[in-house]
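Per chain, numbering begins at 1; letters A, B, ... match sequence-line order.
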Protein chains: 2
Amino acid sequence: MVNTVSDISTEQKILTAAREVFFQKGFSGARMQDIADEAGINKALLHYYFRSKEKLFETIFREAFEKLVPRIIEVFSSELPFFDKIRAFCEAYVTMAMENPFIPIFILNEMHRNPEGFEKTFGDIPKKVPHTLLKSVIKRAVDDGLIREIDPPQLIMNMLSLCMFPTISRPMFQLVMNMSDTQFKKMSELRKTEVADFIIQAIKK
Amino acid sequence: MVNTVSDISTEQKILTAAREVFFQKGFSGARMQDIADEAGINKALLHYYFRSKEKLFETIFREAFEKLVPRIIEVFSSELPFFDKIRAFCEAYVTMAMENPFIPIFILNEMHRNPEGFEKTFGDIPKKVPHTLLKSVIKRAVDDGLIREIDPPQLIMNMLSLCMFPTISRPMFQLVMNMSDTQFKKMSELRKTEVADFIIQAIKK
DNA sequence: GTCTATAGTTAGATAGAC
DNA sequence: GTCTATCTAACTATAGAC
(Lines give C-alpha, C1' and ligand atoms only; values in the text may rest on other atoms or scores of the structure.)
Protein backbone atom coordinates (compact mmCIF):
# COMPACT_ATOMS: atom_id res chain seq x y z
CA MET A 1 0.00 0.00 0.00
CA VAL A 2 1.07 3.53 -0.60
CA ASN A 3 -0.72 5.44 2.09
CA THR A 4 0.74 3.98 5.25
CA VAL A 5 2.37 6.33 7.70
CA SER A 6 5.86 4.98 7.14
CA ASP A 7 5.55 5.40 3.36
CA ILE A 8 4.71 9.04 3.64
CA SER A 9 7.46 9.57 6.11
CA THR A 10 10.07 8.00 3.84
CA GLU A 11 8.94 10.00 0.86
CA GLN A 12 9.18 13.14 2.95
CA LYS A 13 12.62 12.20 4.17
CA ILE A 14 13.73 11.76 0.56
CA LEU A 15 12.27 15.08 -0.53
CA THR A 16 13.89 16.92 2.34
CA ALA A 17 17.23 15.34 1.58
CA ALA A 18 16.91 15.95 -2.15
CA ARG A 19 16.10 19.59 -1.56
CA GLU A 20 19.18 19.96 0.60
CA VAL A 21 21.53 18.30 -1.87
CA PHE A 22 20.12 19.71 -5.13
CA PHE A 23 19.98 23.23 -3.71
CA GLN A 24 23.57 23.08 -2.64
CA LYS A 25 25.15 21.23 -5.55
CA GLY A 26 22.81 21.68 -8.47
CA PHE A 27 21.59 18.88 -10.71
CA SER A 28 24.88 17.73 -12.18
CA GLY A 29 26.83 18.15 -8.96
CA ALA A 30 24.33 16.18 -6.90
CA ARG A 31 24.80 12.43 -6.37
CA MET A 32 22.02 9.99 -5.65
CA GLN A 33 24.30 8.55 -2.98
CA ASP A 34 24.50 11.94 -1.25
CA ILE A 35 20.74 12.16 -1.18
CA ALA A 36 20.38 8.63 0.14
CA ASP A 37 22.93 9.32 2.89
CA GLU A 38 21.28 12.58 3.80
CA ALA A 39 17.92 10.79 4.04
CA GLY A 40 19.43 7.93 6.01
CA ILE A 41 18.21 5.33 3.55
CA ASN A 42 19.49 3.24 0.69
CA LYS A 43 20.15 4.41 -2.83
CA ALA A 44 17.79 1.84 -4.27
CA LEU A 45 14.89 3.32 -2.35
CA LEU A 46 15.29 6.58 -4.20
CA HIS A 47 14.61 4.79 -7.42
CA TYR A 48 11.72 2.96 -5.88
CA TYR A 49 9.97 6.21 -4.94
CA PHE A 50 11.12 8.39 -7.84
CA ARG A 51 12.05 6.49 -10.95
CA SER A 52 15.15 8.45 -11.82
CA LYS A 53 17.39 11.33 -10.81
CA GLU A 54 15.63 13.49 -13.41
CA LYS A 55 12.19 12.76 -11.98
CA LEU A 56 13.32 13.52 -8.45
CA PHE A 57 14.99 16.68 -9.61
CA GLU A 58 11.93 17.83 -11.47
CA THR A 59 9.86 17.46 -8.33
CA ILE A 60 12.26 19.62 -6.34
CA PHE A 61 12.66 22.16 -9.11
CA ARG A 62 8.92 22.62 -9.59
CA GLU A 63 8.36 23.06 -5.90
CA ALA A 64 11.18 25.63 -5.68
CA PHE A 65 9.94 27.50 -8.72
CA GLU A 66 6.51 27.86 -7.17
CA LYS A 67 8.10 29.38 -4.10
CA LEU A 68 10.06 31.84 -6.19
CA VAL A 69 7.05 33.01 -8.12
CA PRO A 70 4.77 33.54 -5.17
CA ARG A 71 1.50 35.25 -4.62
CA ILE A 72 2.38 38.47 -6.43
CA ILE A 73 -1.15 38.26 -7.71
CA GLU A 74 -2.55 38.92 -4.28
CA VAL A 75 -0.29 41.92 -3.81
CA PHE A 76 -0.89 43.41 -7.20
CA SER A 77 -4.59 42.71 -7.54
CA SER A 78 -5.20 44.05 -4.05
CA GLU A 79 -6.80 47.41 -3.38
CA LEU A 80 -3.64 48.76 -1.77
CA PRO A 81 -2.35 52.14 -2.93
CA PHE A 82 0.42 51.82 -5.51
CA PHE A 83 3.33 52.60 -3.20
CA ASP A 84 2.02 50.13 -0.64
CA LYS A 85 1.93 47.49 -3.33
CA ILE A 86 5.61 48.19 -3.93
CA ARG A 87 6.32 47.93 -0.22
CA ALA A 88 4.38 44.67 0.12
CA PHE A 89 6.07 43.21 -2.94
CA CYS A 90 9.56 44.07 -1.75
CA GLU A 91 9.05 42.85 1.75
CA ALA A 92 7.60 39.57 0.52
CA TYR A 93 10.48 38.97 -1.86
CA VAL A 94 13.31 40.03 0.40
CA THR A 95 11.88 37.87 3.17
CA MET A 96 11.45 34.89 0.87
CA ALA A 97 15.01 35.27 -0.38
CA MET A 98 16.31 35.45 3.18
CA GLU A 99 14.37 32.42 4.33
CA ASN A 100 15.21 30.36 1.25
CA PRO A 101 18.66 31.65 0.34
CA PHE A 102 19.49 28.79 -2.01
CA ILE A 103 16.38 28.90 -4.14
CA PRO A 104 17.11 31.90 -6.37
CA ILE A 105 20.60 30.82 -7.42
CA PHE A 106 19.40 27.25 -7.78
CA ILE A 107 16.54 28.10 -10.12
CA LEU A 108 18.41 30.66 -12.16
CA ASN A 109 21.44 28.47 -12.55
CA GLU A 110 19.49 25.43 -13.69
CA MET A 111 17.62 27.56 -16.19
CA HIS A 112 20.90 28.70 -17.65
CA ARG A 113 22.31 25.19 -17.83
CA ASN A 114 19.30 23.67 -19.49
CA PRO A 115 17.50 26.47 -21.30
CA GLU A 116 15.53 24.40 -23.77
CA GLY A 117 14.43 21.82 -21.23
CA PHE A 118 12.13 24.31 -19.57
CA GLU A 119 10.02 25.26 -22.50
CA LYS A 120 8.58 21.77 -22.53
CA THR A 121 8.78 20.82 -18.85
CA PHE A 122 7.74 24.13 -17.37
CA GLY A 123 5.96 25.86 -20.19
CA ASP A 124 2.84 25.91 -18.05
CA ILE A 125 4.30 27.94 -15.20
CA PRO A 126 4.53 31.34 -16.93
CA LYS A 127 0.78 31.44 -17.19
CA LYS A 128 0.62 31.66 -13.44
CA VAL A 129 2.55 34.91 -13.47
CA PRO A 130 0.26 37.86 -14.02
CA HIS A 131 2.72 39.90 -16.04
CA THR A 132 -0.05 41.78 -17.82
CA LEU A 133 -1.52 42.71 -14.46
CA LEU A 134 1.85 43.98 -13.25
CA LYS A 135 2.39 46.01 -16.37
CA SER A 136 -1.06 47.56 -16.34
CA VAL A 137 -0.85 48.52 -12.67
CA ILE A 138 2.45 50.28 -13.32
CA LYS A 139 1.17 51.90 -16.47
CA ARG A 140 -1.82 53.25 -14.63
CA ALA A 141 0.43 54.77 -11.95
CA VAL A 142 2.33 56.53 -14.72
CA ASP A 143 -0.83 57.73 -16.43
CA ASP A 144 -2.22 58.97 -13.13
CA GLY A 145 0.88 61.11 -12.71
CA LEU A 146 1.79 59.28 -9.52
CA ILE A 147 5.21 58.22 -10.77
CA ARG A 148 7.49 59.44 -13.51
CA GLU A 149 7.48 57.94 -16.99
CA ILE A 150 9.08 54.50 -16.79
CA ASP A 151 8.87 51.35 -18.87
CA PRO A 152 7.01 48.75 -16.75
CA PRO A 153 9.39 45.86 -17.52
CA GLN A 154 12.30 48.07 -16.48
CA LEU A 155 10.67 48.76 -13.15
CA ILE A 156 9.80 45.13 -12.59
CA MET A 157 13.37 44.16 -13.38
CA ASN A 158 14.63 46.75 -10.92
CA MET A 159 12.37 45.47 -8.16
CA LEU A 160 13.37 41.86 -8.69
CA SER A 161 17.06 42.78 -8.92
CA LEU A 162 17.09 44.69 -5.67
CA CYS A 163 15.17 41.98 -3.82
CA MET A 164 16.85 38.85 -5.09
CA PHE A 165 20.41 39.71 -6.04
CA PRO A 166 21.77 40.03 -2.51
CA THR A 167 21.22 36.39 -1.60
CA ILE A 168 22.57 35.30 -4.98
CA SER A 169 25.73 37.34 -4.69
CA ARG A 170 26.25 36.81 -0.98
CA PRO A 171 29.47 34.73 -1.10
CA MET A 172 31.13 37.12 -3.52
CA PHE A 173 29.85 40.25 -1.83
CA GLN A 174 31.03 39.24 1.60
CA LEU A 175 34.39 38.25 0.20
CA VAL A 176 35.14 41.41 -1.75
CA MET A 177 33.52 43.73 0.78
CA ASN A 178 35.17 42.03 3.70
CA MET A 179 31.89 41.57 5.48
CA SER A 180 31.04 39.14 8.28
CA ASP A 181 27.98 36.88 8.42
CA THR A 182 26.51 39.01 11.17
CA GLN A 183 26.96 42.20 9.21
CA PHE A 184 25.41 40.65 6.13
CA LYS A 185 22.37 39.41 8.00
CA LYS A 186 21.86 42.79 9.60
CA MET A 187 22.10 44.44 6.21
CA SER A 188 19.58 41.99 4.73
CA GLU A 189 17.15 42.59 7.55
CA LEU A 190 17.24 46.33 6.88
CA ARG A 191 16.61 45.77 3.19
CA LYS A 192 13.08 44.57 3.91
CA THR A 193 12.09 48.24 4.05
CA GLU A 194 15.09 50.02 2.51
CA VAL A 195 14.60 48.49 -0.92
CA ALA A 196 11.06 49.82 -1.19
CA ASP A 197 12.16 53.27 0.00
CA PHE A 198 14.90 53.27 -2.59
CA ILE A 199 12.53 52.33 -5.39
CA ILE A 200 9.81 54.72 -4.40
CA GLN A 201 12.16 57.64 -4.27
CA ALA A 202 13.53 56.65 -7.65
CA ILE A 203 10.15 56.73 -9.37
CA LYS A 204 7.96 59.19 -7.49
CA LYS A 205 7.25 62.48 -9.10
CA MET B 1 59.72 23.60 -27.19
CA VAL B 2 56.92 25.54 -25.66
CA ASN B 3 56.97 28.76 -27.58
CA THR B 4 56.26 27.60 -31.09
CA VAL B 5 53.34 29.11 -32.91
CA SER B 6 51.34 25.89 -32.97
CA ASP B 7 51.76 25.39 -29.21
CA ILE B 8 50.34 28.75 -28.38
CA SER B 9 47.55 28.25 -30.80
CA THR B 10 46.55 24.91 -29.27
CA GLU B 11 46.58 26.27 -25.76
CA GLN B 12 44.40 29.14 -26.91
CA LYS B 13 42.04 26.76 -28.64
CA ILE B 14 41.70 24.81 -25.41
CA LEU B 15 41.09 27.91 -23.33
CA THR B 16 38.46 29.19 -25.71
CA ALA B 17 36.70 25.85 -25.71
CA ALA B 18 36.95 25.48 -21.93
CA ARG B 19 35.48 28.94 -21.44
CA GLU B 20 32.56 28.04 -23.69
CA VAL B 21 31.81 24.74 -21.97
CA PHE B 22 32.44 25.74 -18.35
CA PHE B 23 30.42 28.93 -18.72
CA GLN B 24 27.49 27.06 -20.11
CA LYS B 25 27.51 23.93 -17.96
CA GLY B 26 29.40 24.83 -14.83
CA PHE B 27 32.20 22.75 -13.36
CA SER B 28 30.30 19.59 -12.55
CA GLY B 29 28.19 19.69 -15.69
CA ALA B 30 31.18 20.14 -17.98
CA ARG B 31 32.86 17.12 -19.56
CA MET B 32 36.47 17.01 -20.66
CA GLN B 33 35.21 15.31 -23.82
CA ASP B 34 32.96 18.29 -24.57
CA ILE B 35 35.89 20.64 -24.23
CA ALA B 36 38.08 18.47 -26.45
CA ASP B 37 35.36 18.29 -29.10
CA GLU B 38 34.78 22.02 -28.94
CA ALA B 39 38.51 22.61 -29.36
CA GLY B 40 38.73 20.09 -32.19
CA ILE B 41 41.42 18.09 -30.41
CA ASN B 42 41.83 14.97 -28.36
CA LYS B 43 40.94 14.51 -24.72
CA ALA B 44 44.48 13.47 -23.87
CA LEU B 45 45.81 16.81 -25.06
CA LEU B 46 43.80 18.60 -22.43
CA HIS B 47 45.65 16.70 -19.76
CA TYR B 48 48.93 17.37 -21.50
CA TYR B 49 48.40 21.14 -21.34
CA PHE B 50 46.47 21.36 -18.08
CA ARG B 51 47.07 18.49 -15.69
CA SER B 52 43.49 18.02 -14.58
CA LYS B 53 39.93 19.27 -14.95
CA GLU B 54 40.38 21.22 -11.72
CA LYS B 55 43.48 23.02 -13.00
CA LEU B 56 41.81 23.93 -16.25
CA PHE B 57 38.75 25.11 -14.41
CA GLU B 58 40.77 27.24 -12.06
CA THR B 59 42.38 29.00 -14.99
CA ILE B 60 39.02 29.84 -16.51
CA PHE B 61 37.49 30.84 -13.21
CA ARG B 62 40.33 33.20 -12.29
CA GLU B 63 40.20 34.87 -15.66
CA ALA B 64 36.40 35.28 -15.41
CA PHE B 65 36.60 36.64 -11.89
CA GLU B 66 39.06 39.31 -13.00
CA LYS B 67 36.62 40.38 -15.67
CA LEU B 68 33.79 40.61 -13.17
CA VAL B 69 35.75 42.74 -10.76
CA PRO B 70 37.07 45.24 -13.23
CA ARG B 71 38.68 48.61 -13.06
CA ILE B 72 36.27 50.11 -10.56
CA ILE B 73 39.36 51.64 -9.07
CA GLU B 74 39.82 53.87 -12.07
CA VAL B 75 36.21 55.00 -11.94
CA PHE B 76 36.13 55.61 -8.22
CA SER B 77 39.56 57.11 -7.78
CA SER B 78 38.99 59.41 -10.74
CA GLU B 79 38.30 63.11 -10.36
CA LEU B 80 34.80 62.76 -11.81
CA PRO B 81 31.91 64.33 -9.90
CA PHE B 82 30.07 61.79 -7.75
CA PHE B 83 27.06 61.34 -10.01
CA ASP B 84 29.33 60.86 -13.00
CA LYS B 85 31.17 58.15 -11.10
CA ILE B 86 27.83 56.43 -10.65
CA ARG B 87 27.09 56.77 -14.35
CA ALA B 88 30.49 55.47 -15.37
CA PHE B 89 30.23 52.56 -12.95
CA CYS B 90 26.79 51.51 -14.17
CA GLU B 91 27.60 51.81 -17.82
CA ALA B 92 30.78 49.77 -17.37
CA TYR B 93 29.00 47.02 -15.48
CA VAL B 94 25.89 46.81 -17.61
CA THR B 95 28.05 46.69 -20.72
CA MET B 96 30.30 44.03 -19.25
CA ALA B 97 27.30 41.94 -18.28
CA MET B 98 25.83 42.28 -21.76
CA GLU B 99 29.06 41.36 -23.49
CA ASN B 100 29.81 38.47 -21.14
CA PRO B 101 26.35 37.25 -20.23
CA PHE B 102 27.51 33.93 -18.80
CA ILE B 103 30.16 35.23 -16.46
CA PRO B 104 28.05 36.53 -13.58
CA ILE B 105 25.91 33.42 -13.16
CA PHE B 106 28.98 31.24 -13.67
CA ILE B 107 31.02 32.93 -10.96
CA LEU B 108 28.20 33.29 -8.46
CA ASN B 109 27.04 29.74 -8.94
CA GLU B 110 30.47 28.21 -8.48
CA MET B 111 30.99 30.28 -5.36
CA HIS B 112 27.79 28.87 -3.92
CA ARG B 113 28.67 25.31 -4.81
CA ASN B 114 32.16 25.41 -3.38
CA PRO B 115 32.18 28.12 -0.74
CA GLU B 116 35.20 26.98 1.24
CA GLY B 117 37.34 26.32 -1.81
CA PHE B 118 37.64 30.00 -2.55
CA GLU B 119 39.07 31.17 0.69
CA LYS B 120 42.24 29.27 -0.11
CA THR B 121 42.30 29.39 -3.91
CA PHE B 122 41.10 32.95 -4.36
CA GLY B 123 41.80 34.58 -1.05
CA ASP B 124 44.13 36.99 -2.80
CA ILE B 125 41.54 38.48 -5.13
CA PRO B 126 39.49 40.49 -2.62
CA LYS B 127 42.48 42.69 -1.95
CA LYS B 128 42.19 43.97 -5.49
CA VAL B 129 38.75 45.36 -4.77
CA PRO B 130 38.97 48.83 -3.28
CA HIS B 131 35.97 48.45 -1.00
CA THR B 132 37.30 51.03 1.43
CA LEU B 133 37.68 53.49 -1.42
CA LEU B 134 34.09 52.85 -2.53
CA LYS B 135 32.76 53.28 0.96
CA SER B 136 34.67 56.48 1.64
CA VAL B 137 33.63 58.07 -1.65
CA ILE B 138 29.99 57.37 -0.83
CA LYS B 139 30.38 58.52 2.73
CA ARG B 140 31.87 61.79 1.56
CA ALA B 141 28.93 62.36 -0.80
CA VAL B 142 26.62 61.91 2.17
CA ASP B 143 28.65 64.20 4.40
CA ASP B 144 28.78 66.84 1.68
CA GLY B 145 24.99 66.81 1.56
CA LEU B 146 25.03 65.72 -2.05
CA ILE B 147 22.96 62.59 -1.42
CA ARG B 148 20.65 61.50 1.34
CA GLU B 149 21.82 59.42 4.28
CA ILE B 150 22.47 55.88 3.06
CA ASP B 151 24.62 53.02 4.25
CA PRO B 152 27.46 52.65 1.69
CA PRO B 153 27.25 48.84 1.47
CA GLN B 154 23.52 49.14 0.80
CA LEU B 155 24.16 51.50 -2.08
CA ILE B 156 26.92 49.34 -3.50
CA MET B 157 24.65 46.31 -3.29
CA ASN B 158 21.92 48.24 -5.08
CA MET B 159 24.24 49.28 -7.87
CA LEU B 160 25.56 45.78 -8.40
CA SER B 161 22.06 44.31 -8.26
CA LEU B 162 20.64 46.63 -10.88
CA CYS B 163 23.61 46.13 -13.20
CA MET B 164 24.16 42.40 -12.95
CA PHE B 165 20.85 40.76 -12.12
CA PRO B 166 19.24 41.17 -15.54
CA THR B 167 21.72 38.91 -17.33
CA ILE B 168 21.54 36.39 -14.49
CA SER B 169 17.77 36.22 -14.51
CA ARG B 170 17.34 36.49 -18.25
CA PRO B 171 15.92 33.01 -18.96
CA MET B 172 13.40 33.26 -16.15
CA PHE B 173 12.50 36.85 -16.83
CA GLN B 174 11.83 36.30 -20.51
CA LEU B 175 9.78 33.22 -19.71
CA VAL B 176 7.51 34.73 -17.08
CA MET B 177 7.29 38.13 -18.75
CA ASN B 178 6.68 36.61 -22.13
CA MET B 179 9.46 38.63 -23.68
CA SER B 180 11.31 37.98 -26.94
CA ASP B 181 15.08 38.03 -27.41
CA THR B 182 14.81 41.25 -29.36
CA GLN B 183 12.78 42.93 -26.67
CA PHE B 184 15.18 41.82 -23.99
CA LYS B 185 18.22 43.11 -25.86
CA LYS B 186 16.56 46.43 -26.46
CA MET B 187 15.70 46.68 -22.79
CA SER B 188 19.29 45.86 -21.80
CA GLU B 189 20.66 48.46 -24.15
CA LEU B 190 18.50 51.12 -22.53
CA ARG B 191 19.66 50.07 -19.08
CA LYS B 192 23.16 51.38 -19.78
CA THR B 193 21.83 54.83 -18.86
CA GLU B 194 18.51 54.06 -17.15
CA VAL B 195 20.08 52.25 -14.23
CA ALA B 196 22.21 55.26 -13.33
CA ASP B 197 19.23 57.60 -13.66
CA PHE B 198 17.22 55.34 -11.39
CA ILE B 199 19.94 55.24 -8.76
CA ILE B 200 20.69 58.93 -8.84
CA GLN B 201 17.08 59.86 -8.40
CA ALA B 202 16.83 57.40 -5.53
CA ILE B 203 19.67 58.95 -3.58
CA LYS B 204 19.86 62.60 -4.55
CA LYS B 205 18.70 65.17 -2.07
C1' DG C 1 9.04 -1.24 1.52
C1' DT C 2 13.71 -1.84 2.25
C1' DC C 3 17.97 -3.87 1.69
C1' DT C 4 22.53 -5.96 -0.72
C1' DA C 5 24.77 -6.87 -4.74
C1' DT C 6 25.74 -5.89 -9.24
C1' DA C 7 25.02 -4.60 -13.98
C1' DG C 8 25.99 -1.04 -17.38
C1' DT C 9 27.75 3.33 -18.52
C1' DT C 10 30.49 7.19 -18.53
C1' DA C 11 33.91 10.14 -16.68
C1' DG C 12 38.80 11.69 -15.72
C1' DA C 13 43.27 10.31 -16.29
C1' DT C 14 47.46 7.76 -18.15
C1' DA C 15 50.51 4.70 -21.26
C1' DG C 16 52.74 4.43 -25.21
C1' DA C 17 53.11 4.77 -30.39
C1' DC C 18 54.18 8.19 -33.81
C1' DG D 1 52.84 17.76 -29.50
C1' DT D 2 49.27 14.84 -30.77
C1' DC D 3 46.95 10.69 -31.23
C1' DT D 4 44.65 5.81 -29.99
C1' DA D 5 43.78 2.66 -26.65
C1' DT D 6 42.99 1.56 -22.08
C1' DC D 7 42.76 1.76 -17.00
C1' DT D 8 40.21 2.89 -12.93
C1' DA D 9 36.80 5.00 -10.43
C1' DA D 10 32.34 6.84 -9.91
C1' DC D 11 27.68 7.10 -10.97
C1' DT D 12 22.77 5.79 -12.28
C1' DA D 13 19.91 2.19 -12.35
C1' DT D 14 18.07 -2.54 -11.68
C1' DA D 15 17.62 -7.50 -10.01
C1' DG D 16 16.41 -10.13 -6.49
C1' DA D 17 16.38 -11.60 -1.52
C1' DC D 18 13.90 -10.60 2.67
Handout entry: Length of the CG-P vector between A:Asp34 and D:dA10, whole Å
Key = 13 Å
Exercise for the section: Could you tell me the separation between the CZ atom of B:Arg31 and the C1' atom of D:dA10, rounded to a whole number of Å? Expected result: 11 Å
Exercise for the section: Ignoring backbone atoms, establish whether B:Thr10 has a side-chain N or O less than 4.0 Å from OP1 or OP2 of D:dT2. Expected result: yes
Problem - Nearest-Å distance for atom pair OH/P, residues B:Tyr48 and D:dT4 - result: 17 Å
Handout entry: For atom CD1 of A:Ile14 and atom C1' of C:dG1, their distance in whole Å
Key = 11 Å
Practice task
Determine, using ring centers only, whether B:Phe89 and B:Phe83 are less than 6.0 Å apart.
Solution key: no
Handout entry: Which residues share a salt bridge (Lys or Arg N to Asp or Glu O under 4.0 Å) with B:Arg170, sequence neighbours left out
Key = B:Asp181
Fill in the blank from the handout: Taking every heavy atom of A:Pro104 against every heavy atom of A:Pro101, the minimum-distance pair comes out as CD-O, 3.7 Å
Problem - Phosphate OP1/OP2 of C:dA13 contacted by B:His47 side-chain N/O (<4.0 Å) - result: yes
Practice task
Return the value, rounded to whole Å, for the distance between atom CD of A:Glu54 and atom C1' of D:dT12.
Solution key: 9 Å
Exercise for the section: Check every strand shown and say whether A:Ala36 touches a base, only sugar-phosphate, or nothing at a heavy-atom separation below 4.0 Å. Expected result: nothing
Fill in the blank from the handout: Rounded to whole Å, CZ of A:Phe50 lies from P of D:dA13 at a distance of 14 Å
Problem - Donor + acceptor pair across side chains of A:Arg113, B:Gln24 (<3.5 Å) - result: no
Exercise for the section: Using a cut-off of strictly less than 4.0 Å, decide whether B:Tyr49 has a side-chain nitrogen or oxygen near OP1 or OP2 of D:dT2. Expected result: yes
Problem - Closest listed nucleotide, where the reference is the side chain of A:Met32 and the choices are C:dG12, D:dA13, C:dG1 - result: D:dA13
Exercise for the section: Would you tell me whether B:Gln201 and B:Asp197 have side-chain atoms, one donor and one acceptor, within less than 3.5 Å of each other? Expected result: no
Handout entry: Those residues of residues 39-46 of chain B lying under 4.0 Å from DNA chain C by at least one heavy atom
Key = B:Lys43, B:Ala44
Fill in the blank from the handout: Taken to the nearest whole Å, CZ/A:Phe22 to C1'/D:dT12 is 12 Å
Handout entry: All salt bridge (Lys or Arg N to Asp or Glu O under 4.0 Å) counterparts of A:Glu54, not counting sequence neighbours
Key = none
Practice task
Specify the separation, in whole Å, of atom NZ of B:Lys53 and atom P of C:dT10.
Solution key: 16 Å
Practice task
Determine whether the aromatic ring centres of B:Phe106 and B:Phe22 lie less than 6.0 Å apart.
Solution key: no
